[in-house]
Number of protein chains: 2
Amino acid sequence: MDATMIPTVPTSPGTGRKRPTIRDVAREAGVSYATVSRVLNGREWVSPESVRAVRDAITRTGYTANPHARSLATGRSGSIAFLLTEPQHLLFEDPNFAVLLRGVAQALSARELTLILMIAATPEERGRAVTYLSGGHVDGVLLVSPHSGDPLLSQLVRAEVPIVACGKVLGHETTISSVAADEWAGARSAVEHLLAAGCRRIAHIAGPQDTSGGVERLRGYADALTAYGLPVDEAAIVHGDWSHESGAAGMRELLRRVPGLDAVFAASDAMAAGTLPVLREAGRDVPGDVRLVGFDDSGLAATLHPPLSSVRNPLDRISEEMVRLLGELVAGRTPLSITVPTSLVLRESSPA
Amino acid sequence: MDATMIPTVPTSPGTGRKRPTIRDVAREAGVSYATVSRVLNGREWVSPESVRAVRDAITRTGYTANPHARSLATGRSGSIAFLLTEPQHLLFEDPNFAVLLRGVAQALSARELTLILMIAATPEERGRAVTYLSGGHVDGVLLVSPHSGDPLLSQLVRAEVPIVACGKVLGHETTISSVAADEWAGARSAVEHLLAAGCRRIAHIAGPQDTSGGVERLRGYADALTAYGLPVDEAAIVHGDWSHESGAAGMRELLRRVPGLDAVFAASDAMAAGTLPVLREAGRDVPGDVRLVGFDDSGLAATLHPPLSSVRNPLDRISEEMVRLLGELVAGRTPLSITVPTSLVLRESSPA
DNA sequence: GCCATTCCTGTAACCGGTTACAGTGATGCT
DNA sequence: AGCATCACTGTAACCGGTTACAGGAATGGC
């Protein structure tokens, strides 16, 4: 009983019996296979009796449509790609990323679409990804935080693949749809909250300035101060890379540079968390001496001591909108950029 | 030039020109389309001239194969599913999970397979997942830490879908292949290392006992002590849930219960990290008074103060093996369980 | 009674590949 | 020379769906 003796069967390997096809169902139901197809798609007139007969036959035979045959005939694949282009896969360590991925997975599942995950880190993988995506395997692509100048983007755009990005993609506004949180407004509201609580020496631990998030959050911080009539002091701004460590380092720097410091707005929860041990070591109580607000409202925020106020990044909303926009793009609508509002979640680190 | 005026073309929407097919390439190369197919697959004899002519025609036309047509003809989909069945998506917050996912993505990419990510958390999603996976959309399924009694498993097994799990699946040993780290040996080597360093009162912060990881690591700990001739003291064992917080709580408990404590072996890096502030607060120096070893060697381990010794969980190796095993399963081989070795990474928290 | 319309159904062509089979010309062997 | 073999190639059938088109039966209007 050598495996080579088994005659070639046109079914998936390991499956003993052949799967029923639309023809089998038709024979069972006593109608033509075109009628079965019509019942399946439900967009044409079929008599109630035929519908019932076909429905019965389907349950009796256990029929399920062959997705590849369907895709071949319709030209739609029923799947979309979630593409990560980040060379350093920082994204994977970021809990926000996981939340976004999960949200997208849910939104797609609800629409009966499948999620193809592609990681294009090495040049090799990137090449394969472009070939694959341009090759019509998927109906569209979801991109997370793409680098604006990435040649991969232009290649995909040239191949006319529908694309929706998370965060604006500079230089591709008319060809790539995007969904972004209103980070500027979020940052501004955080700082306004601190001002309203009486703080006057508010420092900022900024994110990388080559990301839209880092830039927008810093701008929101500065604009809130300006609007309140306070000067924007360069000494009160330090730069981190979103990480816990960089937050700690930034805090040490701020303690040195900013006398009378009474609040810190960090551009990420991780950086805000990094400030806590430094502040404790320096004998500054949070929120007694220094009030603290983070950004993202990641799972982290609520578990810290004290629980951290944070600007809620509505990732569930973002993922939902990304999928919706991609659907419209696939249906032929023109690209579109939308912004979703953030909200401030107050916890003990900055009481009202 | 209204979009509605464009006649219905059987190509993906948005694409202006029709994509070249194998027939176009054949015409361009002056051979039959069967020959083109043969060049593409390379498993049959084709004259060198024909090969060149076809290759040229392909580059000239920019041809790429239609994956759906190919799948329809071959019965292979070229894609595998990565299925998450965890109702509480703890997995997503676990950095190990991300590493595993990334490893699998790489291994599949190298084999020109695509990764379909499915999250089956709600009953609805679970139903859809079973239908989808049983329906022949994918060539196989990769499972992470499935619950042994999960009805979803039996359904997939009944549908004869090739499955490889990460970690043994009790009750399905003969139908589901699995890849697991040798956690017992890893735990044992960690404790042996502590014993060799002169420690005699070694405590263990165990993982959940309804997971194979939790059980195996505890067993390795106990066996190492027994083999050394030391008693296994129930008081020196506390139970956590892998989390930082549970590690801290466990450590507080141990300080109370175990006099003369000189070492702690934690079943996860997160729990080991949780012990550090507690130990510091109690005035115990690491590694001076208490030596500490974690498990998983996650990114966390090296960034702690002091850097944490840890048992390296070879997730890259595991993902690679999972994909390899699934390939064999798809090719018709019988299910198989394999174990990959762990290694101990020494850092400052437990010098040799 | 005749024709148009409406509702429903079947036939056939098509999507774009793979592959069994038959056939061709060149070469090798006897 | 005759035949088998080899190396290669083309035709045709097939995978399992969707859908344009051509009817057929029933209904309604004149």
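To find a chain, count down the sequence lines: A is the first, B the second, and so on, and within it residues start at 1.
- Atom NE2 in B:His137 sits roughly 14 Å away from atom P in D:dG16 (whole-Å rounding).
- When heavy atoms are screened at a 4.0 angstrom cut-off, A:Ser71 is found touching no nucleic acid atom at all.
- Ranking D:dG16, D:dA7, C:dG10 by closeness to the A:Ala73 side chain, first place goes to D:dG16.
- We find that A:Glu321 and A:Arg317 are joined by a salt bridge, their nearest charged nitrogen and carboxylate oxygen being less than 4.0 Å apart.
- Crowding of A:Arg111 atom CZ: a count of heavy atoms from other residues, nucleotides or ligands under 6.0 Å exceeding 12.
- Contact between A:Ala29 and A:Ala57 at its shortest, heavy atoms only, is CB-CB, 3.7 Å.
- Between A:His68 and B:His68, the two ring planes are parallel [angle under 30°; tilted spans 30° to 60°].
- The phosphate of C:dG10 has OP1 or OP2 within less than 4.0 Å of a side-chain N or O from A:Thr35.
- When the nucleotides D:dT9, D:dG16, D:dG10 are ranked by their closest atom to the side chain of B:Ser32, D:dG10 comes out on top.
- The environment of B:Arg52 atom CZ is sparse: at most 12 non-hydrogen atoms of other residues, nucleotides or ligands sit within 6.0 angstrom.
- Of the candidate nucleotides D:dG17, C:dG17, C:dT18, C:dT18 has the atom lying nearest to any side-chain atom of B:Thr74.
- In B:Glu124, the CD atom is not crowded: 12 or fewer heavy atoms of neighbouring residues, nucleotides or ligands sit closer than 6.0 Å.
- Taking only side-chain nitrogens and oxygens, A:Thr21 never comes nearer than 4.0 Å to OP1 or OP2 of D:dG16.
- Residue B:Tyr33 has no polar side-chain atom (N or O) positioned under 4.0 Å from OP1 or OP2 of D:dA13.
- In this structure, A:Asn41 atom CG and C:dC8 atom C1' are separated by 16 Å, rounded to whole Å.
- Nearer the 5' end of DNA chain C, as judged by each residue's closest nucleotide, is the contact made by A:Ser47, out of B:Ala65 and A:Ser47.
- For C:dT18, one of the phosphate oxygens OP1 or OP2 lies less than 4.0 angstrom from a side-chain nitrogen or oxygen of B:Arg70.
- No hydrogens or angles were tested; on distance alone, nothing pairs the side chain of A:Arg19 with the base of D:dG16 as donor and acceptor under 3.5 Å.
- Look at CG on B:Asn66: it is 13 Å from C1' on C:dT18, rounded to the nearest Å.
- The side chain of B:Ser37 contributes an N or O atom lying less than 4.0 Å from OP1 or OP2 of C:dT18.
- If you check C:dC21, D:dA7, D:dG16 against the side chain of A:Ala69, the one that comes closest is D:dG16.
- For the pair B:Val46 and A:Leu40, both in contact range of DNA chain D, the more 5′-proximal nearest nucleotide belongs to B:Val46.
- Regarding B:Ile22, its CD1 atom lies at a distance of 14 Å from the P atom of D:dT11, rounded to whole Å.
- One can place NE2 of B:His68 at 11 Å from C1' of C:dC15, the figure rounded to the nearest angstrom.
- Taking atom CZ on A:Arg52 and atom P on C:dC8, their separation rounds to 16 Å, with Å as the unit.
- Following rounding to the nearest Å, B:Leu72 (CG) and C:dG17 (P) show an atom-to-atom distance of 12 Å.
- One atom, CH2 of A:Trp45, and another, C1' of D:dG24, lie 19 Å apart when rounded to the nearest Å.
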